[in-house]
Structures are given as C-alpha cells and as structure tokens.
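Here is the structure we will look at, set down as structure tokens.
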Protein chains: 2
Amino acid sequence: MEIEQIEETTKKQGKELFGICPYVTTQTVLQGKWAILILYQLENGPVRFNELLRRIDIAQGTLSNQLKYLEKEGMIRRNVYTEGVLRVEYELTPIGEKFRTVLQSIEKWGNEYITYLKAKHL
Amino acid sequence: MEIEQIEETTKKQGKELFGICPYVTTQTVLQGKWAILILYQLENGPVRFNELLRRIDIAQGTLSNQLKYLEKEGMIRRNVYTEGVLRVEYELTPIGEKFRTVLQSIEKWGNEYITYLKAKHL
DNA sequence: CGGTATCCCGGTCGATACTG
DNA sequence: CAGTATCGACCGGGATACCG
C-alpha cells in the first residue's frame, strides 16, 4: 500500500497538499477570519498593535493569535522597540509583500462583487 | 445613539462591512475551507457532483454544503439534467467567472510561497 | 447519481480580566 | 503599550448511514 502516490492527478487535494498545490497552500495561510484584512492593513508599511486594534474591530486576543499565526507562516515580521515606551510594529516580510498582487486582485474583484450585490437587490 | 455611523474611517471593519469593504466581502465569500479549491475546479467549465468528489478529497456532506453556500452567494450555478440518468453540473456564474483573475494571482503567489517554504527548510 | 440527516469533535472567535 | 490567560459559545467540517 503505497500511500505516497499523491501526485496521481492532483487527487486527494486538501489532505496533505499543503506545500504542493498553490490553492490549498494559499487557503491554509488565509484560513484565519482576519488574515486578508490584516495583510491589507500592513500593505503600506509597519503598523503598531493598538493601531491595528483600532482599525479593525477585533478582539485583542484574536488579533494576537492571528498575528502570531501569520508570523509563523512567514507572512509578517514582528519588531520590538524598547526606546522609551514599548512599541511593537508588524510589517510584511518579502514573501508577504509579494502577496500584494493577490490583495489587489481581491480588491478589484471585491468591488465588482459589491456592485453585483447591489444590482441584485433592486 | 446612532449606530448607523459605520462609514467613519473604515473603522469597525468586519462587523458589518460585508458589501462595503472589498476585503471583508471577499473573505466572507471565501470563508469555507474548500471555496478556493472548488472555484478552481470549475474554472474550465461545468463539473458534476461526483467528479468534484473524486478530484477533491472532501466529505460528501461538506461538499454539498459548500456548493450550496457558493450558489447562495451567486458564485456558481447548479444545473440539473434529467434526460437518462440524473446529472447535476456546477458551473461559474458571470461574477464567478470574474473571480478567475483572483485565482490566477493566488496560483502565482502560492507557487512563490511554496518555493519560499522549500528554501526555508534547507 | 446526487444528495440528506445525524452526531460529534476540534478549533476559532469573542468577552473579560489580568500582567510586565 | 502590548500583550497573556481563561472560559464559553458557536459552528464548520468529517464520518457514517440513509434516501429519491
């Protein structure tokens, strides 16, 4: 029983295709409810913890978890500054920055979809 | 207390920004664990229920739910053919087809991320 | 073939309270 | 300021069995 025959025809997607199939992999990284929104907030440079908290309506613990997850996945970097008051900034890593193209297509499509929704309810 | 003041500065994201913010809206549509993968499978034309089941390693009930959700959101259409054996095909709607650009950017980035992962673990 | 109906489990998210 | 700890509720998703 060679279970290792994963590459059949891209069958068995989802089981262990993380790191193999680009779609499964991306969905895994984006699984958190806030991932897309957080990455969007960091699109234009570093943002502090409480600033994120203010911009997004999210529980503190949840934000902390999502940030840790995104950091673990290599999408964002956490920088601590201790001069004066404690300051922690989050920013995109190089691979995280490359995600901007996805964010842009999401923004474009999202707006088209919103237009579609409005037309639908008339 | 006018709770209706949502438009402040794009604050309160996530609460009820579905239909307003393109990122929140897109994430809502993609919230299902299999959404991206299903949309990808339908990218090149209609696919039958059991064919999807074969291509993706997913529980039948789960697939059924996700398809119903995507149909409700207007992303896919369900077509039933009763000539001969029962045949049900799922295909992208016009707004679903527009999602292809997002899928393409996801594929591209996903592959870059996979490359990043491999380099990381060496 | 193309689904429902259940049942259950694990995980996520949120609220609240507390901390270095 | 930037978190952690805890707890509870909710629910998405999987397995299994059954149905028109």
Side-chain angles (χ1 to χ4, degrees), chain A residues 11-18 23-24 27-39 41-42 46-73 75-91, chain B residues 11-18 23-24 27-39 41-42 46-73 75-91:
Chain A
K11 196 183 172 183
K12 257 190 117 174
Q13 309 210 19
K15 260 307 190 235
E16 277 313 324
L17 287 193
F18 176 77
Y23 300 100
V24 173
Q27 130 51 235
T28 304
V29 173
L30 299 184
Q31 64 184 204
K33 182 174 174 182
W34 305 98
I36 294 177
L37 215 41
I38 291 172
L39 293 172
Q41 294 294 344
L42 302 183
V47 181
R48 299 177 64 170
F49 185 82
N50 276 313
E51 177 63 21
L52 284 173
L53 214 48
R54 247 171 279 125
R55 293 199 205 166
I56 312 176
D57 188 24
I58 184 177
Q60 201 170 25
T62 304
L63 176 59
S64 181
N65 286 335
Q66 305 263 323
L67 288 171
K68 258 189 286 185
Y69 178 74
L70 288 173
E71 188 187 5
K72 186 184 129 210
E73 300 303 307
M75 297 294 286
I76 65 177
R77 189 174 17 239
R78 180 172 180 272
N79 299 313
V80 186
Y81 304 94
T82 44
E83 330 109 25
V85 292
L86 176 56
R87 198 169 98 246
V88 178
E89 288 185 345
Y90 293 89
E91 66 177 337
Chain B
K11 196 184 171 182
K12 257 189 119 174
Q13 309 212 17
K15 260 308 188 234
E16 277 312 326
L17 287 194
F18 176 77
Y23 300 101
V24 172
Q27 130 50 244
T28 304
V29 173
L30 299 184
Q31 66 184 199
K33 182 174 173 181
W34 304 98
I36 294 177
L37 215 42
I38 291 173
L39 293 173
Q41 294 295 343
L42 301 183
V47 181
R48 299 176 63 172
F49 185 83
N50 277 312
E51 177 63 20
L52 283 172
L53 215 48
R54 249 172 277 124
R55 293 199 205 167
I56 311 176
D57 189 21
I58 183 179
Q60 200 171 26
T62 305
L63 177 59
S64 182
N65 286 336
Q66 305 264 321
L67 288 171
K68 258 188 289 184
Y69 179 74
L70 288 172
E71 188 188 4
K72 186 185 129 210
E73 301 302 308
M75 298 294 286
I76 65 177
R77 188 172 21 236
R78 181 174 179 270
N79 299 315
V80 184
Y81 303 95
T82 44
E83 331 107 26
V85 292
L86 177 57
R87 199 171 96 246
V88 178
E89 289 185 346
Y90 293 89
E91 67 176 337

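In the text below, chain A, chain B and the rest are named by the order of the sequence lines, each starting its count at 1. These values consider heavy atoms only, across backbone and side chains, with no hydrogens, waters or symmetry-generated copies.
- Whole-Å rounding puts the B:Arg54 CZ to C:dG3 C1' distance at 15 Å.
- In this structure, A:Ile76 and A:Leu67 approach most closely via the heavy-atom pair CD1-O, 3.5 Å.
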Would B:Arg54 and B:Glu51 satisfy salt bridge (charged side-chain N to carboxylate O under 4.0 Å, His left out), going step by step from the backbone distance to the final call? CA-CA 5 Å; B:Arg54 249 172 277 124; B:Glu51 177 63 20; 2.5 Å; yes
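- In the helix from C:dC1-D:dG20 to C:dG20-D:dC1, the rotation axis of the first five pairs and that of the last five pairs differ in direction by 50°, rounded to 10 degrees.
- Between B:Glu71 and B:Arg78, no side-chain nitrogen of the basic residue sits less than 4.0 Å from a carboxylate oxygen of the acidic one, so the salt-bridge criterion is not met.
- Within the 4.5 Å cutoff, the side chain of A:Tyr23 has heavy atoms near those of the B:Ile36 side chain.
- Against DNA chain C, the stretch residues 62-72 of chain A makes heavy-atom approaches under 4.0 Å through A:Thr62, A:Gln66.
- The heavy-atom pair separating A:Trp34 from A:Gln66 by the smallest distance is N-OE1, 3.4 Å.
- Smallest separation of non-hydrogen atoms from B:Gln41 and B:Leu52: CB-CD2, 3.7 Å.
- Distances shorter than 4.0 Å separate none of the side-chain N or O atoms of B:Arg78 from OP1 or OP2 on C:dG2.
- When rounded to the nearest whole Å, the span between NZ of B:Lys33 and C1' of C:dT12 equals 13 Å.
- Atom CG in B:Asn50 sits about 5 Å away from atom P in C:dC1, given to the nearest Å.
- Salt bridge status for B:Arg77 with B:Glu91: present, with a side-chain N to carboxylate O gap under 4.0 Å.
- Atom P of nucleotide D:dG3 and atom CG of A:Asn79 are separated by 11 Å, given to the nearest angstrom.
- When the P atom of D:dG14 is taken as reference, atom CG of B:Asp57 falls 9 Å away, rounded to whole Å.
- For B:Tyr69, the ring pair (Phe, Tyr, Trp, His ring centres under 6.0 Å) criterion is met by no residue, not counting sequence neighbours.
- A:Leu53 has its CG atom 10 Å from the P atom of D:dA2, to the nearest Å.
- Dashed line: the shortest gap from a side-chain N or O of A:Arg48 to OP1 or OP2 of D:dA2 is under 4.0 Å.
- Taking atom CD of residue B:Glu51 and atom C1' of nucleotide C:dG3, one finds them 17 Å apart after rounding to whole Å.
- Side chains of A:Asp57 and B:Leu17 form no contact here, defined as non-hydrogen atoms less than 4.5 Å apart.
- Between D:dG13, D:dA2, C:dC13, one nucleotide has an atom nearer to the side chain of A:Phe49 than all others, and that is D:dA2.
- Residues satisfying the side chain to side chain contact (heavy atoms under 4.5 Å, CB included) test with B:Leu86, not counting sequence neighbours, are B:Val80, B:Thr82, B:Val88.
- For the segment residues 83-90 of chain B, the set of residues with a heavy atom within less than 4.0 Å of an atom of DNA chain C comprises B:Leu86, B:Arg87, B:Val88, B:Tyr90, in numerical order.
- The distance from atom CG of A:Leu52 to atom C1' of D:dC1 is 13 Å, rounded to the nearest whole Å.
- In terms of the salt bridge (charged side-chain N to carboxylate O under 4.0 Å, His left out) criterion, B:Glu73 has no residue partners (sequence neighbours excluded).
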